[in-house]
Structures are given as structure tokens and as C-alpha cells.
Amino acid sequence: MKLHILKNDDLIAESVAKIFIDKVRENPSAVLGFATGATPIKTYKQIIRFYNEEKISFNNITTFNLDEYCKLPKDDKNSYYSFMHEQLFNFLDLKEKNIFFLNGNAENMAEECRHYQNKIATVGGIDIQLLGIGRNGHIGFNEPGDVFLKDAHEVRLTQSTINANSKYFTKNMMPNSALTMGIGDIMSAKKVILIATGKEKADAIYRMTSNKISPLCPASVLQFHQNAEVFCDEAAAEFLSNEI
Ligand code: F6R
């Protein structure tokens with residue numbers, strides 16, 4: 001796991017956006033995995049800027065998102081489908097048919113998860129998967145627990161995640177479950193980039209990079225990934241000692 005500590009989130013956004021743009025330039029049919037949440041917004045703005053300035057085409061790119069709420073209409077303003085279109089996809093020349101989300105309104109959630117994994121496999125796997133990190137160390141919606149769940153699955157969100165995300169919803173309207181890629185799906189990506197900014201992520205970053213790999217901090221599994229890069233600002237890196 002390669003750790004980059006940068007001065008601020010603008011520098012992180014620029015570095016991470018450049019990695020995505022370089023991948024699209026190198027392979028115009030690449031498969032990209034995206035995350036939602038507050039953290040990647042600046043990175044998405046930078047991707048749009050580079051896309052416009054460098055005239056790079058996303059026309060043959062395929063995308064998969066990490067997760068989606070259950071029982072929230074796809075076009076609800078808080079769905080991850082809406083978020084990604086508003087923050088990134090509407091500004092690129094992606095084809096809608098190449099944009100994939102887990103369907104949190106599927107009749108059979110287990111089948112939907114299998115279908116999503118099969119789709120990822122059919123296109124040859126994800127070239128770069130972007131991740132944020134929850135304050136409790138979650139990645140995607142893989143919440144802390146007794147085991148690492150390998151496959152895509154339905155998850156009941158923890159109170160910590162509900163507290164962090166409920167600000168986006170009208171009172172008590174936040175879904176309490178979601179579909180998420182599993183740890184195995186994330187670990188299968190050829191490259192993983194995790195971004196963490198702000199002091200509220202400092203504890204999670206400390207736990208994910210300490211020697212202990214445990215499902216109690218799901219992000220710690222990335223220590224086993226052959227090509228994982230972690231980008232932190234100084235606030236998120238506050239508890240890291242010099243030896244890391
Ligand atoms: C979102 C996701 C989550 C977020 C995490 C951090 O698709 O998978 O794991 O990355 O909850 O969210 P923010 O960036 O809002 O702090």
C-alpha cells in the first residue's frame with residue numbers, strides 16, 4: 001500500500017484525477033470504478049477539467065459504482081445514480097449503456113448482486129477503483145464486522161454511517177440498507193485508490209494503515225492489495241507516525 005500525504009484536498013484531487021485521465025488515455029476502453037460521498041467531489045471536478053482541456057474521450061469507458069441505497073427511486077436526488085450524474089457523468093461523453101449501478105430496487109437483491117459481479121467479470125474487471133473511507137473504516141458499505149464479506153451483498157447500515165449521511169435526507173428518510181460491492185470485488189480491481197480528507201478520518205486512516213488487518217476496520221484489507229494507493233491530506237494523516 002502506497003501512502004501519499006499531500007498538503008490539501010485540491011492537490012489530492014489533481015493527482016487522483018490525473019491517474020484516471022492517464023488511464024483513459026492509455027486505454028480508451030478502460031473500466032473505472034467510482035465512489036460517492038463528499039470526498040471525491042473535487043476529484044470529479046478535476047476529471048471534468050482535464051477532460052475538457054485535454055480533449056480526452058470517455059465514449060468507450062465503462063463505469064461501475066461501489067454501492068447504492070435500497071428502496072430509493074433511481075432518480076431521487078439522494079440516489080447514488082443521481083449523485084454521479086450530477087457530479088461527473090453528465091459532463092463526460094460516456095454512453096449511458098456503459099454506466100452500471102447496483103439496483104437497490106431489485107426484487108431479488110441476492111440475484112442483483114450476482115448479476116452485478118457477473119457484469120464486472122464480463123468486461124474484464126475494474127482497472128481502477130476509487131474509494132472513500134467511512135469514519136468507522138468502512139469501504140463501499142462494507143461495515144465493520146466479524147468477517148470480510150467477499151461478494152456484493154445487501155447491508156444494514158450502521159448508526160455511524162446513518163449519522164454521517166442522514167444530513168442529506170429529510171428527517172428519518174434515509175434508507176437503512178444498501179447494496180454494496182463486497183471486499184472481494186474491491187480487492188479484485190487492478191488498482192485501488194483511496195482518498196481521505198479531514199480530521200474526522202484520521203482515526204480510520206490510522207487503523208487502516210496500522211499492522212492489524214481486521215474486519216473491524218474493513219479498509220485495513222487494502223494492505224493486502226498489490227496496487228493500492230492512499231491519498232490523505234495532513235489532517236487525515238494526523239495520527240500516522242513517521243515510520244509508515
Ligand atoms: C460511497 C462509499 C462510502 C464513502 C464513505 C465516505 O460510495 O462507498 O464508503 O466513500 O462513506 O464518505 P464521505 O466521502 O462522504 O466522507
Side-chain angles (χ1 to χ4, degrees), residues 8-10 12-13 16 32-46 63-70 72 74 76-89 99-104 113 116 120 126 128-145 148-149 152-169 174-187 189 192-205 207-208 215 217-222 228-233 235-237:
N8 57 49
D9 56 354
D10 291 321
I12 294 176
V16 174
L32 304 179
F34 288 117
T36 59
T39 311
I41 290 178
K42 283 194 170 180
T43 299
Y44 294 154
K45 284 196 171 35
Q46 284 294 337
T63 74
F64 287 90
N65 261 78
L66 273 173
D67 40 20
E68 180 58 281
Y69 289 115
C70 287
L72 194 64
K74 182 176 162 183
D76 186 283
K77 72 174 175 40
N78 285 311
S79 75
Y80 287 167
Y81 175 90
S82 297
F83 175 96
M84 286 308 301
H85 281 77
E86 277 159 27
Q87 299 298 333
L88 183 65
F89 296 160
I99 294 174
F100 293 94
F101 283 84
L102 283 152
N103 176 8
C113 289
Y116 200 65
I120 295 173
I126 294 174
I128 309 181
Q129 177 63 56
L130 186 62
L131 300 175
I133 184 169
R135 295 165 204 209
N136 61 7
H138 72 220
I139 46 177
F141 275 135
N142 292 275
E143 299 282 25
F148 289 115
L149 287 176
H153 59 281
E154 183 174 358
V155 66
R156 226 188 140 69
L157 301 175
T158 60
Q159 199 54 48
S160 156
T161 303
I162 292 173
N163 293 346
N165 290 6
S166 57
K167 59 178 180 276
Y168 301 115
F169 291 85
M174 180 172 161
N176 56 15
S177 63
L179 297 185
T180 182
M181 281 188 200
I183 292 293
D185 303 314
I186 294 170
M187 291 297 281
V192 174
I193 297 178
L194 183 145
I195 307 179
T197 56
K199 64 175 180 341
E200 66 279 9
K201 300 293 171 67
D203 187 52
I205 287 297
R207 292 195 300 126
M208 87 167 270
C217 178
S220 63
V221 76
L222 296 177
E229 296 197 40
V230 179
F231 287 80
C232 295
D233 65 3

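First listed ligand is number 1; within each ligand, the first listed atom is number 1.
Residue-level proximity to ligand 1 for Asp67 is carried by the side chain, the only part with a heavy atom below 4.0 angstrom. Residue-level proximity to ligand 1 for Thr180 is absent, since no heavy atom of it falls below 4.0 angstrom. Residue Thr39 touches ligand 1 through backbone and side chain together, judged by heavy-atom distances below 4.0 Å.
Scanning the protein for heavy atoms near atom 6 (C) of ligand 1, the closest one is Ile133 O, 3.4 Å. If you check which protein heavy atom lies closest to atom 15 (O) of ligand 1, you get Ala38 N, 2.8 Å. In terms of protein heavy-atom proximity, atom 10 (O) of ligand 1 is nearest to Gly132 CA, 3.3 Å.
Between the side chain of Lys74 and the backbone N or O of Tyr81, no donor-acceptor pair lies under 3.5 Å. In this structure, the side chain of Glu68 does not engage the main chain of Phe101 through any donor-acceptor pair within 3.5 Å.
For ligand 1, the atoms sitting less than 4.0 Å from at least one non-hydrogen atom of Lys201 are 6 (C), 13 (P), 16 (O), numbered in the order shown with element in parentheses. The contact set between ligand 1 and Leu66, taken as ligand atoms under 4.0 Å from a residue heavy atom, comprises 8 (O). Residue Gly37 has at least one heavy-atom neighbour below 4.0 Å for each of these atoms of ligand 1: 14 (O), 15 (O).
Of the N or O atoms in Ile139, none lie within a sub-3.5 Å distance of an N or O in ligand 1. Residue His138 places at least one N or O, backbone or side chain, under 3.5 Å from an N or O of ligand 1. When only interatomic distances are considered, the shortest N/O to N/O separation between Gly140 and ligand 1 falls below 3.5 Å.
Checking Ile186, Leu102, Thr36, Ile139 one by one against Leu66, the side-chain contact (heavy atoms from CB on, under 4.5 Å) holds for a single residue, Ile186. Paired with Tyr69 under the rule side-chain hydrogen bond (donor to acceptor under 3.5 Å, both in side chains), one option of Asp76, Asn165, Asn78 passes, and it is Asn165.
Once rounded to the nearest 0.5 Å, the distance linking CG of Asp67 with NE2 of His153 reads 10.0 Å.
Here the shortest heavy-atom pairing between Met187 and Leu222 reads SD-CD2, 4.0 Å. Contact between Ile126 and Gln129 at its shortest, heavy atoms only, is CD1-OE1, 3.6 Å.
Using a 4.0 angstrom heavy-atom cutoff, Arg135 does not count as in contact with ligand 1.
Proximity of the aromatic rings of Phe83 and Tyr168 is defined here by a centroid distance below 6.0 angstrom, and this criterion is not met.
For atom 1 (C) of ligand 1, the choice among Thr36, Asn136, Leu157, Leu130 with the nearest heavy atom turns out to be Thr36.
Using a cutoff of 4.0 Å between basic side-chain nitrogens and carboxylate oxygens, Lys42 and Asp10 are scored as salt-bridged.
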